[in-house]
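No hydrogens, no waters, no symmetry mates; every other heavy atom, side chains included, goes into these values. The chains referred to below are lettered A, B, ... by the order of the sequence lines, with proteins before strands, and numbering in each begins at 1.
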Amino acid sequence: MSKKLLIVESPAKAKTIEKYLGDDFTVKSSYGHIRDLEKGNDLGVDVNNGYRPNYVIPTDKLRTVKDLRENAARVGEVWLATDEDREGEAISWHLCEVLNLDPRTTKRIVFHEITKPAIQKAVLSPRTVDMNVVNAQQARRVLDRLVGWELSGLLWKKVKGQLSAGRVQSVTVKLVVERERDIQHFKISPYFKIVAQFFAKNTQGKLVTFKAESPTRFDDEAGAEGFLKKCINANYTVNNIDVRPTRRKPAPPFTTSTLQQEASRKIGYSVNRTMSIAQKLYEEGYITYMRTDSTNMSESAILAMGAEIVKQFGEKYHHERRFKTKNESAQEAHEAIRPTYVERQSISGNRDEQRLYELIWKRAMASQMADAELEKTSVDIAISTHPEAKLVAEGEVLKFDGFLKLYLESTDDEEEETQVMLPPFVKGQVLEMDDMTATERFTRPPARFTEAGLVKKLEELGIGRPSTYAPTISKIMEANRGYVVKESREGEERVFQIITLKNNQLTKKTGKEITGTTKQVLYPSDMGMIVSDFLDEHFKKVMDYGFTASVEQEFDHIAEGKTEWSSMIDGFYRPFHTDVEKTLKEADRASGERILGIDPASGRTVLVRMSSLGRPVIQIGTGDELIEKEKPRYANLRPGQSLESLSLADALNSFQLPRALGEYEGEVLEVNTGRYGPYVKFGSTFISLSKGEDPFETSYDRAVELVKIRQEADRPLGQFQSVPFTKGKGKFGPFIKWADLYINIPARYSFDTLTTQQAVELIEAKLEKEANRYIHHWPEDGISVENGRWGPFVKFGKAVVNLPRMDGVKMTADQALTLTLIDVKKIIETELPGAFDEKKTPAKKGAAKKAAPKKKK
DNA sequence: CAGTGAGCGAGCTTCCGCTTGACTT
């Protein structure tokens with residue numbers, strides 16, 4: 001009975017595989033990597049000694065490793081079944097190192113799909129760890145550390161502390177910066193397009209209208225007007241009819257990147273949201289693994305989908321397809337993202353989960369369905385008075401829907417034309433025109449990236465991996481040192497000309513439209529631009545979009561055993577490190593400073609720059625202009641302004657704050673902007689302006705309105721247990737404040753007309769819930785066992801302690817009820833050793849525990 | 001919470017890629 005231990009990367013996978021393998025194997029998970037380069041003050045790599053890596057087990061992996069060691073000791077043999085890609089091979093090798101296994105003899109198996117036949121087959125042909133592939137991973141890891149650590153360290157000295165740089169994140173930021181500049185420098189030019197509206201009879205003999213457009217466009221109004229003038233008193237005849245059958249093919253099933261794009265376009269999810277919902281679906285067993293670069297599906301899945309399509313739609317709709325992954329950097333360790341059981345058309349779960357699942361199901365099914373067949377019609381219309389010109393009407397008819405029955409891939413282009421059906425025509429047919437218009441249009445600058453659009457670009461460039469797309473996007477948008485911000489901005493009004501020809505009369509008018517409106521798109525911050533420019537100037541090679549692709553090729557050579565990994569790293573590192581040293585010595589601090597001109601009032605220099613706090617600032621007066629001990633005047637940038645594009649006039653405008661608005665009820669009213677955004681000051685009370693409100697525009701009336709709202713909110717609504725309560729609107733929506741308690745007001749109540757009676761009900765309900773929160777409560781010990789979102793947990797002062805698991809399973813509330821104070825103290829003692837030794841207050845313990853992981857390197 | 005921002009300058013920060021659970025508004 002020599003049982004075997006099989007180690008995979010994902011616990012969800014472990015569960016499934018254990019089911020397929022039967023009693024011979026125990027299957028455990030490594031939860032990804034188990035060792036990493038040491039994270040100290042040095043590089044964690046010995047650059048003077050063949051780049052020897054210093055690997056350690058991170059503290060949060062100690063438990064996993066301990067568990068694996070115990071399991072390994074219990075069995076006769078350990079098998080490694082980590083993913084078949086560079087990282088997976090390395091994890092297997094690290095497991096050998098940590099579990100004292102010989103990599104030359106330890107059995108290593110791989111599967112690209114988690115199906116019973118695939119796994120049973122894999123077990124029959126084990127191999128051993130491929131050290132060449134492991135070395136390619138070590139090279140990847142070491143290179144990323146050297147680049148990341150040295151560039152970040154340089155930024156701390158030349159720009160600001162806390163900043164980060166790396167092979168992936170820095171070019172990602174550069175993409176956003178360059179796109180923004182392309183947009184800023186784009187020259188919008190107007191043109192006129194000509195569209196005529198005609199009448200014709202449809203197949204039922206009913207008169208309908210259709211549109212035809214001139215293929216020629218005009219650069220100016222005179223040209224467009226000339227065209228229309230020429231059409232006065234013209235006759236229009238059908239000159240040529242071109243009918244062309246076309247086909248459309250379904251897109252391949254989802255990879256991580258395409259899932260993120262479509263979930264963003266079709267249901268508006270951020271990449272993070274998509275991934276966390278997909279993770280949930282995966283853990284529930286509804287879909288295959290969600291971090292993949294492959295469009296391949298298992299044979300059994302292809303068969304099952306075929307059967308389902310035939311069953312639901314008939315044989316005609318079925319077309320078996322196998323998709324080749326186009327992306328060169330793909331490592332294809334997993335399948336495409338597909339439903340595990342195609343018969344399951346919908347799932348239980350919350351709305352988000354259902355919508356994402358439905359998207360995945362449809363996309364996978366559609367990929368095995370027949371082409372859609374269309375008929376495209378193009379009709380040329382001759383103009384009697386204008387023989388060298390023509391108008392063209394285009395239409396499209398769907399002859400057979402095929403895969404479109406289920407799924408149509410979206411595009412980023414907003415101006416997606418919907419299908420137009422044309423009436424039937426015969427050659428020579430005379431058409432009656434309703435009107436013809438020349439409308440002024442404008443060339444459009446490239447669009448800013450959405451999160452998912454940026455992921456798409458990264459994938460095209462081979463930068464980053466499926467598991468890192470979402471974290472990379474989050475990284476560059478991090479709150480305090482964001483290089484990139486996601487924002488929606490309002491557009492501007494634009495006037496355009498319209499010339500109409502109707503009843504042989506020309507008329508002109510102007511129209512208005514809003515242009516440049518954006519929704520949840522990525523803008524570079526000032527810091528993003530400064531850092532990106534700095535790195536680009538001094539590290540051309542690393543900042544080149546092709547850098548990752550070229551080092552990937554070198555990693556491939558290592559994996560094939562053609563190159564020794566440390567010599568590859570040496571070839572990169574020597575010149576790179578020289579550049580770092582040189583930049584450190586020679587480069588100026590990067591502050592993005594720009595002189596805007598002279599302040600007419602004082603005659604002093606006006607400039608913008610990044611302050612040492614990492615905030616952009618406008619400054620008046622510098623160096624010699626200031627008299628002794630005098631400080632320059634400072635002002636902040638307003639939302640939407642940037643260091644790079646701020647004008648002198650806008651800069652001077654910002655010095656209008658603080659602005660006195662007058663008096664109200666004998667108190668001074670003033671508007672200003674502070675650390676927490678713009679506010680109105682009323683005597684000694686501060687009232688924040690609502691989001692997007694411009695302090696430069698705030699009127700006296702608006703300020704009084706805000707004061708009144710505040711006074712209203714502060715007026716007690718009533719009393720409960722002789723303690724007054726008030727209502728207000730906060731970060732998390734409307735609330736009632738009673739004593740120290742904040743109680744959310746649910747949407748079913750009307751905030752404005754909330755009665756005292758209703759408020760009391762809400763307070764009572766909250767108190768009731770608070771009471772139920774505790775499973776045990778020992779206030780004198782500062783200990784409680786409470787019901788949390790993830791089940792029961794122990795609270796010790798401010799510290800949170802998890803209850804021990806039984807075979808990895810969490811304790812239920814009922815089980816927690818049986819715990820005594822002694823039991824709970826023991827649990828705390830194990831988790832927080834020495835918690836009861838000294839005479840420290842529980843609160844201090846909590847603080848100490850929180851600080852601990854940071855200090856321990 | 002509410003007008004900072006050089007100047008003097010301790011000691012801190014950081015990478016990419018695998019994974020999940022984290023934790024108590």
Side-chain angles (χ1 to χ4, degrees), chain A residues 8-13 29-37 39 41 43-44 60-61 64 82-83 85-88 90-91 94 137 140-156 160-170 276 279 282-283 289 291 333 463-468 471-472 475 481 548 589 591 609-619 622-623 626 629 631-636 657-658 670 672-681 684-688 730-732 735 742 744 773 786-791 793 795 798 800-802 854-855:
Chain A
V8 297
E9 290 180 42
S10 152
K13 215 185 261 182
S29 157
S30 77
Y31 293 82
H33 275 294
I34 48 152
R35 293 204 305 180
D36 193 13
L37 294 176
K39 243 178 145 161
N41 288 323
L43 292 164
D60 60 334
K61 284 296 164 68
T64 308
T82 52
D83 296 346
D85 55 22
R86 207 160 57 204
E87 300 298 324
I91 293 173
H94 282 296
Q137 192 275 346
R140 197 281 303 157
R141 181 67 192 91
V142 166
L143 181 131
D144 282 337
R145 167 55 66 87
L146 294 173
V147 170
W149 246 235
E150 297 214 343
L151 288 187
S152 298
L154 188 62
L155 291 181
W156 303 342
K160 185 186 167 286
Q162 267 78 26
L163 293 175
S164 64
R167 174 178 55 85
V168 170
Q169 60 165 289
S170 295
S276 69
Q279 174 85 32
Y282 166 67
E283 283 168 13
Y289 195 58
R291 291 185 276 261
I463 298 169
R465 304 277 314 130
S467 67
T468 61
T472 300
K475 172 105 227 165
R481 51 135 191 268
T548 292
R589 272 191 81 84
S591 71
R609 64 180 172 84
M610 186 61 78
S611 78
S612 64
L613 299 179
R615 290 171 45 78
V617 65
I618 314 170
Q619 181 178 341
T622 171
L626 300 165
K629 296 267 175 184
K631 282 171 87 179
R633 290 179 70 203
Y634 293 109
N636 295 319
L657 292 181
E670 189 182 87
N672 199 2
T673 176
R675 197 141 116 79
Y676 307 101
Y679 62 92
V680 163
K681 199 172 168 194
S684 57
T685 10
F686 294 89
I687 309 163
S688 290
K731 221 171 20 172
F732 308 114
F735 63 87
Y742 285 90
N744 288 331
R773 204 174 91 187
E786 303 182 19
N787 270 313
R789 189 135 70 98
W790 295 281
F793 68 99
K795 225 171 159 181
K798 280 186 179 169
V800 170
V801 177
N802 287 321
K854 274 201 165 178
K855 287 223 160 178

**Q** Is A:Gly464 touching bases, backbone alone, or none of the nucleic acid, heavy atoms closer than 4.0 Å?
**A**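 Contact class for A:Gly464: sugar-phosphate only.
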**Q** May I ask you to say what A:Thr64 touches in the nucleic acid, namely base, sugar-phosphate or nothing, with a heavy-atom cut-off under 4.0 Å?
**A**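 Result for A:Thr64 = nothing.
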**Q** To the nearest Å, give me how far apart CE (A:Met610) and P (B:dT4) are.
**A**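 Rounded to whole Å, this separation is 18 Å.
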**Q** Identify whether any heavy atom of A:Ser152 sits under 4.0 Å from a base atom; if not, whether one sits that close to sugar-phosphate; answer base, sugar-phosphate or nothing.
**A**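 Base contact - A:Ser152 has a heavy atom under 4.0 Å of at least one base atom.
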**Q** Given the C1' atoms of B:dG9 and B:dT13, what is the spacing between them in whole Å?
**A**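 Taking atom C1' in both B:dG9 and B:dT13, they lie 16 Å apart.
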**Q** Taking atom types as they are modelled, would you say the side chain of A:Arg291 forms a donor-acceptor pair with the base of B:dC18 within the 3.5 Å cutoff?
**A**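 In this structure, the two groups form no donor-acceptor pair.
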**Q** Would you mind classifying the nucleic acid contact of A:Gln169 as base, sugar-phosphate or nothing, using non-hydrogen atoms under 4.0 angstrom?
**A**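 Touches sugar-phosphate only.
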**Q** For the base of B:dG17, is there a side-chain donor-acceptor partner from A:Asp144 under 3.5 Å away?
**A**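 Donor-acceptor pair under 3.5 Å: no.
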**Q** Between the protein and nucleotides 7-10 of chain B, which nitrogen or oxygen pairs come in under 3.5 angstrom?
**A**
none

**Q** Among all residues two or more places apart in sequence or in another chain, which pass the side-chain contact (heavy atoms from CB on, under 4.5 Å) test with A:Val680?
**A**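 If we apply the side-chain contact (heavy atoms from CB on, under 4.5 Å) test to A:Val680, skipping adjacent residues, the hits are A:Leu669, A:Val671, A:Leu689, A:Thr698, A:Ala703, A:Leu706.
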**Q** Answer yes or no: does atom CG of A:Asp60 have more than 12 heavy-atom neighbours from other residues, nucleotides or ligands under 6.0 Å?
**A**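 Yes.
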**Q** Could you check whether the side chain of A:Arg141 and the base of B:dC15 have a donor-acceptor pair of N or O atoms closer than 3.5 Å, going by distance alone?
**A**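 By the distance-only test, yes, there is a pair.
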**Q** Can you find a side chain N or O atom of A:Lys475 that sits less than 4.0 Å from OP1 or OP2 on B:dC15?
**A**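 Yes.
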**Q** To the nearest Å, how far apart are A:Asn672 CG and B:dT4 P?
**A**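 Rounding to the nearest Å, CG of A:Asn672 and P of B:dT4 are 10 Å apart.
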**Q** For A:Val617, report the nucleic acid contact type (base, sugar-phosphate, nothing); a contact means any heavy atom under 4.0 Å.
**A**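 Base contact.
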**Q** Using OP1 and OP2 only, check whether a side-chain N or O of A:Arg167 sits under 4.0 Å from B:dG17.
**A**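 Answer yes for this pair, as a side-chain N or O of A:Arg167 is under 4.0 Å from OP1 or OP2.
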**Q** Going by ring pair (Phe, Tyr, Trp, His ring centres under 6.0 Å), name the residues that satisfy it together with A:Tyr634, two or more places apart in sequence or in a different chain.
**A**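 Partners of A:Tyr634 under the ring pair (Phe, Tyr, Trp, His ring centres under 6.0 Å) test: none.
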**Q** Let me spell it out: for each of A:Asp36 and A:Thr622, pick the nucleotide of DNA chain B with the closest heavy atom. Which residue's pick is nearer the 5' end?
**A**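 Taking each residue's closest nucleotide, the earlier one in sequence belongs to A:Thr622.
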**Q** Taking any heavy-atom pair under 4.0 Å as a contact, classify A:Gly166: base, sugar-phosphate, or nothing.
**A**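 The answer is sugar-phosphate, as A:Gly166 gets under 4.0 Å only of primed atoms, P, OP1 or OP2.
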**Q** Are OP1 or OP2 of B:dT4 and a side-chain N or O of A:Ser611 less than 4.0 angstrom apart?
**A**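 Answer no for this pair, as no side-chain N or O of A:Ser611 is under 4.0 Å from OP1 or OP2.
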**Q** Name the nucleic acid region contacted by A:Gln137, choosing base, sugar-phosphate or nothing; use a 4.0 angstrom heavy-atom cut-off, strictly under.
**A**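 No contact at all - A:Gln137 keeps every heavy atom at 4.0 Å or more from the nucleic acid.
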**Q** Applying side chain to side chain donor-acceptor pair (under 3.5 Å), name anything that partners A:Gln619, two or more places apart in sequence or on another chain.
**A**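 In terms of side chain to side chain donor-acceptor pair (under 3.5 Å), with neighbours along the sequence ignored, A:Gln619 is linked to A:Arg609.
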**Q** Could you work out, with ring pair (Phe, Tyr, Trp, His ring centres under 6.0 Å) as the rule, every residue matching A:His94, not counting sequence neighbours?
**A**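 A:His94 satisfies ring pair (Phe, Tyr, Trp, His ring centres under 6.0 Å) with A:Tyr55 once adjacent residues are dropped.
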**Q** Just how far, in rounded Å, is P of B:dC15 from CZ of A:Arg140?
**A**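 Answer to the nearest Å: 13 Å.
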**Q** What is the nucleic acid contact for A:Ala90, judged by heavy atoms within less than 4.0 Å: base, sugar-phosphate only, or nothing?
**A**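 It contacts nothing in the nucleic acid.
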**Q** Would you please name every residue forming a side chain to side chain donor-acceptor pair (under 3.5 Å) with A:Tyr31, sequence neighbours left out?
**A**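 With sequence neighbours excluded, A:Tyr31 shows a side chain to side chain donor-acceptor pair (under 3.5 Å) to no residue whatsoever.
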**Q** Among side-chain atoms of A:Thr472 and A:Gln169, is any donor-acceptor pair under 3.5 angstrom?
**A**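 No.
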**Q** Would A:Arg291 and A:Asp83 pass as an ion pair if we require N to O under 4.0 Å?
**A**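 Salt bridge flag = no for A:Asp83 with A:Arg291.
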**Q** Heavy atoms only, 4.0 Å cut-off, all strands: where does A:Pro11 land among base, sugar-phosphate and nothing?
**A**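 The answer is sugar-phosphate, as A:Pro11 gets under 4.0 Å only of primed atoms, P, OP1 or OP2.
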**Q** Less than 4.0 angstrom between a side-chain N/O of A:Arg609 and OP1 or OP2 of B:dG5, yes or no?
**A**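 So the side chain of A:Arg609 is outside the cut-off, no N or O lying under 4.0 Å from OP1 or OP2 of B:dG5.
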**Q** Looking at A:Ser164, does any N or O in its side chain come under 4.0 Å of the phosphate oxygens OP1/OP2 on B:dC15?
**A**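 Answer is yes, contact under 4.0 Å.
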**Q** Of all the choices, B:dT20, B:dC18, B:dT4, which nucleotide is nearest to the side chain of A:Asn636 once you look at every atom?
**A**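 Comparing B:dT20, B:dC18, B:dT4 against the side chain of A:Asn636, the answer is B:dT4.
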**Q** Under the side chain to side chain donor-acceptor pair (under 3.5 Å) test, which residues partner A:Arg86, sequence neighbours left out?
**A**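 Checked A:Arg86 against side chain to side chain donor-acceptor pair (under 3.5 Å); matches are A:Glu552.
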**Q** Tell me which nucleotide among B:dC16, B:dT13, B:dT4 gets nearest to the side chain of A:Gln162.
**A**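 Among B:dC16, B:dT13, B:dT4, the one nearest the side chain of A:Gln162 is B:dT13.
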**Q** Rounded to whole Å, please give me the gap between OH in A:Tyr289 and P in B:dG17.
**A**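 Atom OH in A:Tyr289 sits about 14 Å away from atom P in B:dG17.
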**Q** Name all residues meeting the side chain to side chain donor-acceptor pair (under 3.5 Å) criterion together with A:Asp36; count only those two or more places apart in sequence or in a different chain, and write none if there are none.
**A**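 Listed in chain order: A:Arg141.
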**Q** Mark yes or no for a side-chain to base donor-acceptor pair under 3.5 Å between A:Arg145 and B:dT14, with no hydrogen or angle criteria applied.
**A**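 Donor-acceptor pair under 3.5 Å: no.
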**Q** Side-chain N or O of A:Gln619 less than 4.0 angstrom from OP1 or OP2 on B:dG5?
**A**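 Answer is no, no contact under 4.0 Å.
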**Q** Could you tell me the separation between the CG atom of A:Asp60 and the P atom of B:dT19, rounded to a whole number of Å?
**A**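 About 15 Å, once rounded to whole Å.
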**Q** Of all the nucleotides listed (B:dG5, B:dT20, B:dC18), which has the minimum atom distance to the side chain of A:Glu87?
**A**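 In terms of side-chain proximity for A:Glu87, the closest of B:dG5, B:dT20, B:dC18 is B:dC18.
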**Q** Mind running side-chain contact (heavy atoms from CB on, under 4.5 Å) on A:Tyr289 and A:Gln279 for me, showing each step along the way?
**A** CA-CA 8 Å; A:Tyr289 195 58; A:Gln279 174 85 32; over 6 Å; no
**Q** For the pair made of CG in A:Leu37 and P in B:dC15, what is the distance, rounded to whole Å?
**A**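 About 14 Å, once rounded to whole Å.
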**Q** Mark this stacking check for A:Trp156 against B:dT13 as yes or no, applying ring centres under 5.5 Å and ring planes under 30°.
**A**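 Yes, aromatic ring over the base.
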**Q** To the closest 0.5 Å, what do you measure between CG (A:Leu155) and OG (A:Ser170)?
**A**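 With rounding to 0.5 Å, CG (A:Leu155) is 7.0 Å from OG (A:Ser170).
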**Q** Distance check needed: B:dT19 P versus A:His94 NE2, whole Å only.
**A**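 One finds 15 Å between P of B:dT19 and NE2 of A:His94, rounded.
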**Q** What is the separation between atom CG on A:Leu155 and atom C1' on B:dC15, rounded to the nearest whole Å?
**A**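 Rounding to the nearest Å, CG of A:Leu155 and C1' of B:dC15 are 12 Å apart.
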**Q** Do the side chains of A:Arg140 and A:Glu87 get close enough for a salt bridge, i.e. N-O under 4.0 angstrom?
**A**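 Counted as a salt bridge, because a side-chain N and a carboxylate O are separated by less than 4.0 Å.
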**Q** So which nucleotide from B:dT19, B:dG5, B:dA2 ends up closest to the side chain of A:Arg615?
**A**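 Taking heavy atoms from C-beta onward, the closest nucleotide is B:dG5.
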**Q** For the base of B:dC15 and the side-chain ring of A:Trp149, does the geometry meet a stacking cutoff of under 5.5 Å between centres and under 30° between planes?
**A**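 Here the ring of A:Trp149 and the base of B:dC15 are not stacked, as the 5.5 Å and 30° limits are not both satisfied.
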**Q** Counting side-chain heavy atoms from C-beta on, which of B:dG5, B:dC15, B:dG17 comes nearest to A:Lys39?
**A**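 Nearest to the side chain of A:Lys39 among the choices is B:dC15.
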**Q** For DNA chain B, which ranges pair as stems of 3 or more consecutive Watson-Crick or G-U pairs, with both donor-acceptor distances under 3.5 Å?
**A**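 Stem segments: none to report.
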